[in-house]
There are 2 protein chains.
Amino acid sequence: MTTPRQLPMAAAPPRVRRDAAANSDRILAAARDVIRCEGIESLTMDHLAARAGVGKGTIFRAFGNRSGLFAALTDEAERTFQQEFLSGPPPLGPDAPPLQRLLAYGEGRLRLYAVHGPLLKAGSQDGSGRFDVPARQLSATHVRMLLRQCGVRDNVDVLAEMLLAPLEPDVTDHLLSTRNVTLEHVVAGWQRVAVSLVR
Amino acid sequence: MTTPRQLPMAAAPPRVRRDAAANSDRILAAARDVIRCEGIESLTMDHLAARAGVGKGTIFRAFGNRSGLFAALTDEAERTFQQEFLSGPPPLGPDAPPLQRLLAYGEGRLRLYAVHGPLLKAGSQDGSGRFDVPARQLSATHVRMLLRQCGVRDNVDVLAEMLLAPLEPDVTDHLLSTRNVTLEHVVAGWQRVAVSLVR
DNA sequence: AAGAAAAACGGACTATGGTCCGTTTAGCTC
DNA sequence: GAGCTAAACGGACCATAGTCCGTTTTTCTT
């Protein structure tokens, strides 16, 4: 993240103690285990601490809060997706034209839901703080850049949020569960909004 | 409220006991009082119960949960807005052309935030259940209707949600507080999305 | 007006996310 | 390897939303 770009040996890399790393791993493993065996609604912090053989404080020290834990559970997929849209091949990566990249971004984000649906839903921040997560900020920056590259000049900050808001997991969840709609419909709808906005 | 439109004596009107009604009023009054004097973050259920001179169970019996309480606090403004877009004068009401109504709807919804911002923010349902509130369903139905009247034929369910999602209070709150943006910018951005979608 | 049935009351109780701080341990220095 | 320091640990503790059920009150019936 904030690793210095300079000489690798300078500027104190904040060493991670081995017990801390090991505990984080055990917590994540236990969390996946609980989710698989008992369902996501059984994943309380107390239960998880007991299951991982760890104090509750350790979980909060490692992940900050419940949302941080869920973020960590989906971190690998998120990082992969970030790599793809930052430096991967077309249509997500920088070698594709900007509109194509934008459409691919939305589709990718929505399909992430299809894979990690319950996780994302359970982990979505409760109101405040949802926007402060680094991954979300990166996404916002990315969409703003693509909008500019598509020729949008005015009000880019606002328009980017207008495009990002419908990508939140609960929107897709609602559409899929209560209206007669498939993920393909959601993708197509979002892309239609994006195309017409840029055109 | 839910007074029957038909013959008053038919269809068992579920009588509201007088003590219940009085307590609801006292709770709402106490809530506004606490918010005004001590700030919205001091409005815990225990505190409110003590302040209203009422048991905590009474609050939950009357409003269901914390979100229900906040919904009740903004109920009057919400009902007024509903009246306006269902049967009021143009540009919100049925005598205006559909696109104009749609733009006015978005603006009205966003300006509601300017008035009741903290309330709406604090009361916004925590993830699940946000879509099941009657007011939200009415809004969704309204936007779907307007989209159809604007000539949108395909995927109306999805497109309506794409337009509704950015109207959630936390989006506006984020834009206003962290980016250099005014409510007018938010309104203009949303309207641009709506116009380009329909065109 | 008295009695009965249904509804509402209230506050102790539960569940759960998150904090605090005295104790333990990893990793560095000599 | 002994000792030191900063970091991590862990579980008691706190705050708060929401539930439960014995008690009280309203309102209907006769």
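Chain A is the first sequence line, chain B the second, and so forth, proteins listed ahead of strands; every chain is numbered from 1.
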Checklist entry - Starting at the 5' end of DNA chain D and moving along, which residue's nearest nucleotide shows up first, A/Ser24 or B/Lys56? => result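 Looking at DNA chain D, the more 5' nearest nucleotide goes with A/Ser24.
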Checklist entry - Any idea which of D/dA17, C/dG17, D/dG10 is nearest the B/Phe60 side chain? => result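 Output: D/dA17.
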Checklist entry - If you check every side-chain atom of B/Met45, which of C/dG17, D/dA8, D/dA17 has the closest atom? => result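 So the side chain of B/Met45 is nearest to D/dA17.
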For atom [atom1] of [X] and atom [atom2] of [N], their distance in whole Å:
X	N	atom1	atom2	result
A/Phe63	C/dG17	CZ	P	15 Å
A/Ile27	D/dC9	CD1	C1'	11 Å
B/Asp19	C/dC9	CG	P	5 Å
A/Asp46	D/dC14	CG	P	16 Å
A/Arg61	D/dA8	CZ	P	5 Å
A/Arg26	D/dA8	CZ	C1'	13 Å
B/Ile59	C/dC9	CD1	C1'	12 Å
B/Arg51	D/dT16	CZ	P	15 Å

Next on the checklist: Looking at A/Arg17 and D/dA8, is any side-chain donor or acceptor paired with a base atom of the opposite kind under 3.5 Å?
Outcome noted: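 There is none.
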Next on the checklist: Regarding D/dT27, can its base be found pairing with the side chain of B/Arg18 as donor and acceptor, where the two atoms are less than 3.5 Å apart?
Outcome noted: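 Such a pair does not exist between side chain and base.
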Checklist entry - Taking OP1 and OP2 of C/dA8, is either one under 4.0 Å from a side-chain nitrogen or oxygen of B/Asn23? => result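 Answer is no, no contact under 4.0 Å.
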Next on the checklist: Less than 4.0 angstrom between a side-chain N/O of B/Thr58 and OP1 or OP2 of C/dG10, yes or no?
Outcome noted: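 Checking B/Thr58 against C/dG10: at least one side-chain N or O falls below 4.0 Å of OP1 or OP2.
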Next on the checklist: Taking the nucleotide of DNA chain C with the nearest heavy atom to each, does A/Gly57 or A/Glu41 sit closer to the 5' end?
Outcome noted: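 Per heavy-atom nearest nucleotide, the more 5' residue is A/Glu41.
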Next on the checklist: Once you measure the plane-to-plane angle for B/Tyr105 and B/Phe85, does it fall in the parallel (<30°), tilted (30-60°) or perpendicular (>60°) bin?
Outcome noted: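 The arrangement is perpendicular - the two ring planes meet at more than 60°.
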Item to check | Exercise: do A/Ser139 and A/His142 side chains pair donor with acceptor under 3.5 Å | outcome: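 No.
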Which value, rounded to the nearest 0.5 Å, describes the distance between [X] atom [atom1] and [Y] atom [atom2]?
X	Y	atom1	atom2	result
A/Leu183	A/Leu175	CG	CG	10.0 Å
B/Arg32	B/Leu43	CZ	CG	11.5 Å
A/Thr74	A/Leu119	OG1	CG	6.0 Å

